[in-house]
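The shown structure was predicted, so the numbers you read here are calculated from the model rather than taken from an experiment.
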Amino acid sequence: MQTSKLAEGLKGSEIIKIAGEVNALKAQGEIIYNQTIGDFDASIFPIPQELKEEIVSAYHNNQTNYPAANGMEVLRESVSSYLSKNLGLEYSKNEILISGGARPLIYAIYQTVLDLEDTVLYPVPSWNNDAYTYLARNNAVIVETKPENKFMPTVEDIKPHIQNVNLIALCSPLNPTGTTFDKQTLTGISQLIVDENKRRTKENIKPLYVLYDQIYWQLTYGSTEHYNPVELVPEMRDYTIFVDGISKAFAATGVRVGWAFGPTHVINKMKAMLSHIGAWSPKAEQMATASYLNLNGAVSAYLEHIKSELNFRLNRFYDGFQALKSEGFPVNAIEPEAALYLTVQFDLIGKITSNGKTLSTIQEVTSYLLTEAKLAIVPFYAFGTSVDSNWFRLSVGTSKKEDISTVFELLKQALTDLS
């Protein structure tokens with residue numbers, strides 16, 4: 001039976017397709033090292049014990065009716081304090097909107113600031129901007145970024161389009177790359193947007209907004225620093241809508257507590273939008289998160305632990321790829337900076353397998369790595385790049401330390417078998 005044109009045209013997730021292949025191999029008894037999903041194995045990375053206890057306590061205290069449409073006041077106050085203390089960003093409780101994770105908030109931003117046929121600029125690779133742009137019935141300006149820039153957009157990438165777009169969707173640390181904006185680049189982009197909005201104000205044109213997804217900001221490693229537009233260019237406060245939450249830093253992807261903050265008039269309209277959808281975070285989880293964020297010592301200890309564990313895995317994988325590269329294998333990796341992702345390259349197009357098959361497409365490369373190296377990773381075309389990009393996302397949230405050496409043994413053998 002036929003559905004709406006909108007539903008018919010919505011593309012399925014490439015990650016889900018790969019997951020289907022993974023599950024089929026597992027059903028045959030294969031051991032697969034699945035580094036595809038941007039999630040955590042809860043047996044390796046459980047949520048903080050204190051947060052779990054607060055959730056259980058909230059249910060025992062019957063915190064189970066409808067939450068406030070914009071989120072429980074106690075949580076919005078807690079988030080406001082957390083942002084002030086950790087990022088130096090001063091947003092009141094009325095400039096903060098709580099939702100069931102980040103996804104409804106991103107959807108609401110698209111629906112709130114954009115009219116039909118407005119234009120969104122987003123870089124690729126990036127997570128799901130193509131789907132949100134499609135669902136909002138908007139046009140897209142797609143900027144394909146470069147490995148020499150760590151796959152982050154530059155001022156030069158954005159400047160030619162600045163007068164013709166209505167929303168710029170940015171993410172740092174970036175899913176899928178685990179890389180970040182440096183201070184100079186983000187300052188330049190922010191100033192570009194401020195200058196453009198001065199022009200629009202004079203000509204009575206609606207503003208150019210920035211969606212700034214910083215859901216991974218607390219997961220940075222080494223000397224990497226997280227920057228945001230408002231701290232670098234204070235005038236960006238009028239044009240920046242932040243997306244944030246507990247999903248990644250606290251391994252709480254299934255707890256579903258996210259928040260947006262930004263200009264009051266935008267946040268209020270997003271609240272109205274989401275109140276009709278009912279995309280609320282459960283009240284008990286909201287009350288628990290409010291309490292947990294105020295436990296400074298427990299929060300710091302958990303972040304120190306999870307960052308250490310993720311960083312260890314990322315560096316082990318990075319070192320493994322660098323070792324293969326030094327041995328002459330056609331692979332590469334970008335040094336990890338943040339999040340739970342490593343950007344890796346397999347330059348295998350044109351290689352011939354041991355059974356005489358030539359690897360002609362990135363899909364075939366992906367399948368070869370899965371079937372022969374038992375390694376499941378996600379090609380960048382799943383994040384909007386051209387289909388011939390030979391870069392991939394490797395996620396370590398489900399990785400066991402003791403498995404990493406085995407992964408590279410299998411991978412080296414699979415690469416050795418190519419000619």
Side-chain angles (χ1 to χ4, degrees), residues 11-19 35-39 102-103 106 110 120-135 140-158 161 165 167-182 185-186 189 210-217 219-220 224 226 243 248 314 317-318 321 331-349 361-363 365-366 369 375-397:
K11 292 188 295 185
S13 167
E14 290 292 333
I15 300 175
I16 291 175
K17 291 179 184 177
I18 295 169
Q35 315 302 154
T36 61
I37 190 165
D39 199 357
R103 295 174 195 235
I106 296 173
Y110 274 76
V120 183
L121 183 151
Y122 59 86
V124 292
S126 64
W127 179 81
N128 240 26
N129 284 305
D130 53 350
Y132 289 114
T133 301
Y134 174 78
L135 287 170
V141 170
I142 302 170
V143 173
E144 187 142 1
T145 54
K146 300 174 182 176
E148 53 263 37
N149 298 323
K150 304 178 302 183
F151 291 103
M152 298 300 294
T154 65
V155 174
E156 291 72 26
D157 289 331
I158 293 173
H161 310 289
V165 298
L167 177 70
I168 297 177
L170 301 176
C171 177
S172 182
L174 179 62
N175 180 4
T177 62
T179 56
T180 62
F181 275 121
D182 61 67
T185 299
L186 187 56
I189 291 172
V210 169
L211 186 168
Y212 198 71
D213 180 350
Q214 60 170 24
I215 195 77
Y216 297 94
W217 72 268
L219 299 178
T220 57
T224 302
H226 171 72
V243 174
K248 304 299 183 175
L314 287 167
F317 273 105
Y318 175 73
F321 278 99
V331 300
N332 201 1
I334 293 177
E335 189 170 1
E337 294 181 339
L340 53 151
Y341 308 122
L342 185 69
T343 298
V344 299
Q345 183 184 38
F346 286 92
D347 189 13
L348 304 183
I349 296 295
T361 67
I362 296 300
Q363 291 96 325
V365 171
T366 305
L369 295 171
L375 177 63
I377 53 176
V378 185
F380 270 12
Y381 72 75
F383 302 100
T385 68
S386 58
V387 294
D388 58 354
S389 172
N390 58 14
W391 292 86
F392 295 75
R393 184 185 82 173
L394 186 153
S395 177
V396 300

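- Contact annotation: the side chain of Trp391 approaches that of Ile334 to within less than 4.5 Å [non-hydrogen atoms, C-beta and beyond].
- For Asp39, the side chain to side chain donor-acceptor pair (under 3.5 Å) partners at least two apart in sequence or on another chain are Thr253.
- Ile189 CD1 to Glu156 CD: the interatomic distance, rounded to the nearest 0.5 Å, is 9.0 Å.
- Residue Asn149 holds its CG atom at 10.0 Å from OG1 of Thr179, rounded to the nearest 0.5 Å.
- Under the rule for a ring pair (Phe, Tyr, Trp, His ring centres under 6.0 Å), the partners of Tyr110 that lie at least two apart in sequence or sit in another chain are Tyr132.
- We find the CG-CG distance between Leu375 and Leu394 to be 6.0 Å, quoted to the nearest 0.5 Å.
- Rounded to the nearest 0.5 Å, atoms CG (Leu167) and CG (Leu211) are 6.0 Å apart.
- Listed by chain and residue number, nothing satisfies the side chain to side chain donor-acceptor pair (under 3.5 Å) test with Thr366 (two or more places apart in sequence, or in another chain).
- Here the side chain of Ser395 pairs no donor or acceptor atom with the backbone of Gln35 at under 3.5 angstrom.
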Can you give me every donor-acceptor pair (side chain of residues 336-346, partner residue at least two apart or in another chain, under 3.5 Å) with its distance?
residue: Glu337; atom: OE1; partner: Lys150; partner atom: NZ; Å: 3.4
residue: Glu337; atom: OE1; partner: Thr180; partner atom: N; Å: 2.8
residue: Glu337; atom: OE1; partner: Thr180; partner atom: OG1; Å: 2.9
residue: Glu337; atom: OE2; partner: Lys150; partner atom: NZ; Å: 3.0
residue: Tyr341; atom: OH; partner: Tyr216; partner atom: OH; Å: 2.6
residue: Thr343; atom: OG1; partner: Thr177; partner atom: O; Å: 2.9
residue: Gln345; atom: NE2; partner: Asn390; partner atom: OD1; Å: 3.0

Let's go through Ile106 and Trp127 carefully: what are the C-alpha distance in whole Å and the side-chain angles of both, what is the deciding distance for side chain to side chain contact (heavy atoms under 4.5 Å, CB included) to 0.1 Å, and is it a yes or a no? CA-CA 11 Å; Ile106 296 173; Trp127 179 81; 4.1 Å; yes
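- No hydrogens or angles considered: nothing links the side chains of Arg103 and Asn128 as a donor-acceptor pair under 3.5 Å.
- Between Pro123 and Met152, the closest side-chain pair of non-hydrogen atoms is not below 4.5 Å.
- Side chains of His226 and Pro173 form a contact here, defined as non-hydrogen atoms less than 4.5 Å apart.
- Closest approach of Phe321 to Ala333, counting heavy atoms only: CB-CB, 3.9 Å.
- Atoms CD1 and CD1, from Ile18 and Ile37 in turn, are 11.5 Å apart once rounded to the nearest 0.5 Å.
- Applying the side chain to side chain contact (heavy atoms under 4.5 Å, CB included) criterion to Asp157, with sequence neighbours excluded, gives Val143, Thr145, Pro153, Thr154.
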Is there a side chain to side chain contact (heavy atoms under 4.5 Å, CB included) between Ile362 and Ile349? Walk through the geometry before answering. CA-CA 7 Å; Ile362 296 300; Ile349 296 295; 4.0 Å; yes
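- Within a 6.0 Å radius of CG in Leu348, other residues, nucleotides and ligands contribute more than 12 heavy atoms.
- With sequence neighbours left out, the salt bridge (charged side-chain N to carboxylate O under 4.0 Å, His left out) criterion links Lys146 to no other residue.
- Between Ile377 and Pro379, the shortest heavy-atom distance links the atoms O-CD, 3.7 Å.
- Side-chain contact check for Val165 versus Val120: every heavy-atom pair is 4.5 Å or farther apart.
- Taking Thr133 as the reference, nothing meets the side chain to side chain donor-acceptor pair (under 3.5 Å) condition, with sequence neighbours excluded.
- His161 has its side chain out of reach of Ile168: every pair of non-hydrogen atoms, C-beta onward, lies at least 4.5 Å apart.
- Under the side chain to side chain donor-acceptor pair (under 3.5 Å) criterion, Asp182 pairs with Thr185, not counting sequence neighbours.
- With sequence neighbours left out, the side chain to side chain contact (heavy atoms under 4.5 Å, CB included) criterion links Thr385 to Val124, Pro125, Glu144, Phe380, Tyr381, Ser389.
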Quick one, Phe383 with Phe392, criterion side chain to side chain contact (heavy atoms under 4.5 Å, CB included). Give me CA distance, side-chain angles, the key distance, then yes/no. CA-CA 10 Å; Phe383 302 100; Phe392 295 75; over 6 Å; no
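- The line from CG of Asn175 to OG of Ser126 is 8.5 Å long, rounded to the nearest 0.5 Å.
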Before you tell me yes or no, could you show the steps for Cys171 and Tyr212 under side chain to side chain contact (heavy atoms under 4.5 Å, CB included), namely the whole-Å CA-CA distance, both residues' side-chain angles and the distance that decides it to 0.1 Å? CA-CA 6 Å; Cys171 177; Tyr212 198 71; over 6 Å; no
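- Here Ala102 pairs with Ile215, Val243 under the side chain to side chain contact (heavy atoms under 4.5 Å, CB included) rule; sequence neighbours left out.
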